[in-house]
Amino acid sequence: MSPITPYTYFQCPCSDSALFRPGDGSPSSPKNRDFGDEDGAFDPRAPRANYSLYPLEYLLYCEDCHQIRCPRCIAEEIATFYCPSCLFEVPSSNIKSEGNRCTRSCFQCPVCIAPLSVTSFETQPDPNLLGAQDHSAAHHGGPYVLNCSYCNWSSTETGVKFDKSNGIHGQLAKQRNGGTTRLTAKERKERRKELVQSGGSAQGSDHIADEHGIDMETQFANLKHFYQTQLSSSTSGGSGFSGLGELGFSSPTSLSRIMSIYTGGGSLHDKKSKSRLGNMREALEEDEGLIVANLDESAAIEKLRSEGLEGTIDTEQLQNQPPNLGEPHLHGRTRFTSELRPIPYLLRTKRSKRCPVCRHIISKPEAKIQTTRFRIRLIAGNYVPSITIRPLVLPGSSGFIQHPDALLQPLRPIQYMLTFKNPIFETVKISLATPSRTPGRFASKVTVLCPQFEIDANTDVWDEALKDDNRRKRKGEESGNPHQQPEVGKIWERGRNWVSVIVEVVPASLRVDLLEAAPDEEGDEEGEASEKPKVKREVDRGPLREDEDLLEIPMFVRVEWEVDAVGEELGSSRDKEAKEKRELAYWCVLGLGRVAQGN
Amino acid sequence: MSRKPPRGEYIETDTGNKVARKATLVGTQNIMLGGKTVIQQEVMIRGDLIRSLPSSSSSGGGPPSNTAVAIGRYCFLSRGCCLKPPGRLYKGVFTYMPLRMGDHVFVGQNTVVQAAQIGSHVNIGAQVVVGEFAIIKDFVRILDGSVVPANMVIPSFSIVAGQPAKVIGEVPEGGHDAFELRDLYKSVGNNPQPAPS
Ligand SMILES: [Zn+2]
Ligand SMILES: [Zn+2]
Ligand SMILES: [Zn+2]
Ligand SMILES: [Zn+2]
């Protein structure tokens, strides 16, 4: 197991199961919890905890609710869409019509996802022509290809070349792999119109589809066309068994309703058909949009035989492939590398965030893509004291200095310095509570030497300089000689807006054979926490599970401070009791590191 | 250059740059340092790779600048990293293009950077390769061991990792201050101050 540096995670109140399942007695509820009592202590290893613990940077704060908000509970609103490669903004109206990918010339390699660049296909040995490799010097007009500079994939491998060096997206849409052209949806519509006008049967998609079979877009168009004609020509079939009446399958009403959903716009809505009952027939041929699954896979098998496994694409590449309406349905087909298409970049967004409870905006970036400023950015770090963890190294101690990343030695007590930094402009009072033994099979002992203390306000930076000399005095006054051993009930060190306290930990031994039968109620509780409610007295001597060697301390933090009462004018509140008490309480997890195994 | 201690590990310039004596800066006249930048030992900056084309050809009338590498303020180049201007064929001639770097850019140990442009508040981890002509915008974090492919554009607030690198996450709103390198600057040099807690 690789060692880790100490970390602190904070829990968002949205995970408070009391809000969702009152009376459940779930361990993750900070309500009904007694300080110093292990009942109801938060278990960082519980599966639910994964979804509620965040580093402080990820948390926001609602000033109206006075609560922490996390990425899981905030409501997001998209402010701007943009392409992460060309950094152009895409208007939201385009998203509806063009989809969520960049329609300029930004593509990713279908093999390795590195960016593709447009280069001239000319690879003449003549050095004078090599200049064409730069696509800004595009006047050569030769065919262009998309090239991956990372894995050397080229669109020529799938037989795709371009006439122009710009507007690649549009050119690619008209091209199948292998270089044959395909009709775009618009062209197909026009073609169909021509056919109808020239007196041919409306179902002439034999001419529309090419030798590649009917692709998905064509199939959809055929189906749509079929149902459209059905709707307009259906003269109440009236045949008996439409017991479901208007709601039945294949009834004109439900059909037109469904079609208006999936084909956009209410253009198909036919008022006359509303009164009609009865069934219409379904599509029966390819021209009408019926495509029978091709169960004959011999072609794919043959190709596999000749190309081998290297010729196929893996699942990750398949997932990265953009939806391609220009190919037939996947029935009975295998994916080969020759079918890969360049991946147009997925658009990215700038989003503002709202409090889930009061709906106030708590984060709002400037809409422009090139700016990184925010109009509103209420980050939790400006309201909640940060906690940093460092192993305590006493200046007087012998040369042995434990590397902060080293593994923790079982049963050897180790002291950590927790530094709380107050970000607000008021003095805050902090109360800490931890279970005396960490939850889980391997319970480490935890003692916070000074669980209650005050931190001075985050005063002006200029005051810091003046106060600086006081720091040492305060430290001396509160914990005596700084070279002394840490003492119970005393803080370790104090600064302008921070206080360090000591927590002492005795890491558990990870030896399964040393596990004792639950000696007391505490043991029961642990058994419960590790989702094993069945037999409590039995010792679980199973092998070490994932992350059981991780020493994490749940810690409940309560921050109390006073603010000037709202609505009171500054200065006039002196005489009155115009102070308002505020309180913020939450669970944290202090991750100290991994415990060494084998002793 | 003021040299307070006779033989410190670093040369500290008037503008506050701290350049390790064991760093290799080639073509120093083409390297611009904005000030308060730390260059650790075994760092190499290739200022000798200047553009070989007259830059006036397209942009007409610009001052002929020979800058090969431009570095902003409060950048930190860790031990063993290398900054090398990117080069390519342009109209039949091979030429280097300048490498520009904003403020508060951290470059990890043994990392090679050949980007065309790096914004401000960028953290590039250790053992990273940033390919030629990559463009890295502000507030980007590139994790250790990543290989950023040539020509890749990394938009602001991206967390990037992998080989080839891809965007794996977003820098959270509360994570902006972590890019600040003022304290790190103070913690190295000939008279380092301990980092505040
Ligand atoms: Zn939440
Ligand atoms: Zn784009
Ligand atoms: Zn590739
Ligand atoms: Zn709110």
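Below, read A as the first sequence line, B as the second, and so on, with proteins coming before strands; counting in each chain starts at 1. Computed over heavy atoms, backbone and side chain alike; hydrogens, waters and symmetry mates excluded.
- For the pair B:P155 and A:L87, the tightest heavy-atom approach, listed with the atom from each and the gap, is CB-CD2, 3.8 Å.
- Within the 4.5 angstrom heavy-atom criterion, atoms from both the backbone and the side chain of A:Y58 approach chain B.
- Looking only at side-chain heavy atoms (C-beta outward), B:P172 and A:P71 stay at 4.5 Å or farther from each other.
- The nearest pair of heavy atoms linking B:N151 to A:S117 is ND2-OG, 4.1 Å.
- Interface remark: A:L59 contributes no atoms to any contact with chain B (heavy atom separation under 4.5 Å).
- Looking at A:Y54, neither its backbone nor its side chain comes within 4.5 Å of chain B, counting heavy atoms on both sides.
- There is no contact between B:E132 and chain A, counting heavy-atom distances below 4.5 Å.
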Where do A:T372 and B:H176 land on the side chain to side chain contact (heavy atoms under 4.5 Å, CB included) test, with the steps shown first? CA-CA 10 Å; A:T372 53; B:H176 300 184; over 6 Å; no

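- For a residue to count as touching a neighbouring chain, one of its non-hydrogen atoms must lie under 4.5 Å from one of that chain's; by this rule B:V167 touches chain A with the side chain only.
- Heavy atoms from other residues, nucleotides or ligands lying under 6.0 Å from CZ of B:F94 number more than 12.
- The salt bridge (charged side-chain N to carboxylate O under 4.0 Å, His left out) contacts involving residues 153-177 of chain B comprise A:E316-B:K166, A:R348-B:E170, A:R351-B:E170, A:K353-B:E173, where partners must be two or more places apart or lie in separate chains.
- For a heavy-atom cut-off of 4.5 Å, chain B lies close to A:R377, A:I379 in residues 376-387 of chain A.
- Looking at A:Q370, the atoms closer than 4.5 Å to chain B (heavy atoms on both sides) all sit in the side chain, from C-beta outward.
- The distance from atom CD of B:Q163 to atom SG of A:C112, rounded to the nearest 0.5 Å, is 12.0 Å.
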